[in-house]
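Written below as structure tokens is the structure these notes are about.
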Amino acid sequence: WSIGKPVIPVNNYDDKHDDAAEVRNVVERIIRREVDGKSPYNINFPVCWLAFELSLRKMSKSTMTYAECVELAKRCNISKEDLPNCLWFLHHRTGTIRYYGSVKELEDIIIIRPSVISRAISELITSTFTLKNVNQSEIEQFQQLGLF
């Protein structure tokens with residue numbers, strides 16, 4: 001028995017019997033959601049993408065142009081050809097950024113602080129609509145957190 005092994009309704013401590021070891025193996029694979037020996041929790045990506053993400057997090061602004069993004073990517077050793085893959089990864093896998101390259105009006109904008117979107121929507125809602133049966137502190141809470 002070792003730390004990290006799940007306790008299941010068989011003799012989980014007996015490694016001498018193949019059935020217990022096999023059941024434990026299957027349960028562990030289910031817990032890790034492994035399919036064909038691969039886990040969705042193991043995500044491989046170039047280390048330069050991590051450097052790029054950390055550089056984005058250090059920036060003080062909320063958005064940047066695609067051209068600015070290309071320059072930053074160059075400094076992180078990401079080619080212009082690989083940048084769309086990196087942006088897709090950071091948008092869909094980590095949620096660090098928002099980039100809508102397939103939307104013509106947004107193809108030149110990388111949102112590096114996604115919270116700016118929810119703040120803008122909250123501001124739009126509270127300044128445009130009349131909120132009935134809501135007190136001022138609830139409006140302020142909504143503006144800050146997007147919640148009532």
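Positions are given from 1, in the same order as the sequence printed here. Because the structure is predicted, anything quoted here is derived from the model rather than measured.
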N/O donor-acceptor pairs under 3.5 Å from side chains in residues 59-72, not counting sequence neighbours:
from, atom 1, to, atom 2, distance (Å)
Lys61, NZ, Glu68, OE1, 3.2
Lys61, NZ, Glu68, OE2, 2.9
Thr65, OG1, Glu68, N, 3.1
Thr65, OG1, Glu68, OE1, 3.4
Glu68, OE1, Thr65, N, 2.7
Glu71, OE2, Lys74, NZ, 3.4

Residue from Ile97, Leu87, Asn77 passing side-chain contact (heavy atoms from CB on, under 4.5 Å) with Phe52: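 Exactly one pass, corresponding to Leu87.
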
Contacts of type side chain to side chain donor-acceptor pair (under 3.5 Å), residue Glu107, not counting sequence neighbours: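 Not a single residue meets the side chain to side chain donor-acceptor pair (under 3.5 Å) criterion with Glu107.
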
For Arg57, side chain to side chain donor-acceptor pair (under 3.5 Å) partners two or more places apart: Glu53

Please step through side-chain contact (heavy atoms from CB on, under 4.5 Å) for the pair Leu90 and Leu56, ending with a clear verdict. CA-CA 11 Å; Leu90 294 177; Leu56 289 173; 4.1 Å; yes

Which pair of non-hydrogen atoms, one from Trp49 and one from Ile78, has the smallest distance, and what is that distance?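 That closest heavy-atom pairing would be CD1-CD1, 3.7 Å.
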
Provide the closest heavy-atom pair for Pro114 versus Gly95 in the form atom of the first, atom of the second, distance. CG-O, 3.8 Å

Test side-chain contact (heavy atoms from CB on, under 4.5 Å) on Ile109 and Ile111 and set out the steps. CA-CA 6 Å; Ile109 300 170; Ile111 301 168; 4.1 Å; yes

Using 30° and 60° as the class limits, which term best fits the ring planes of His91 and Tyr100: parallel, tilted or perpendicular?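 Judged by the thresholds at 30° and 60°, the geometry between His91 and Tyr100 is perpendicular.
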
Starting at [atom1] of [X], measure out to [atom2] of [Y] and round the result to the nearest 0.5 Å.
{"X": "Cys86", "Y": "Glu81", "atom1": "SG", "atom2": "CD", "result": "13.5 Å"}
{"X": "Tyr99", "Y": "Ile112", "atom1": "OH", "atom2": "CD1", "result": "14.5 Å"}
{"X": "Thr96", "Y": "Phe89", "atom1": "OG1", "atom2": "CZ", "result": "8.5 Å"}

If you apply the rule side-chain contact (heavy atoms from CB on, under 4.5 Å), what do you find for Ser79 with Leu83, and how did you get there? CA-CA 6 Å; Ser79 69; Leu83 182 57; over 6 Å; no

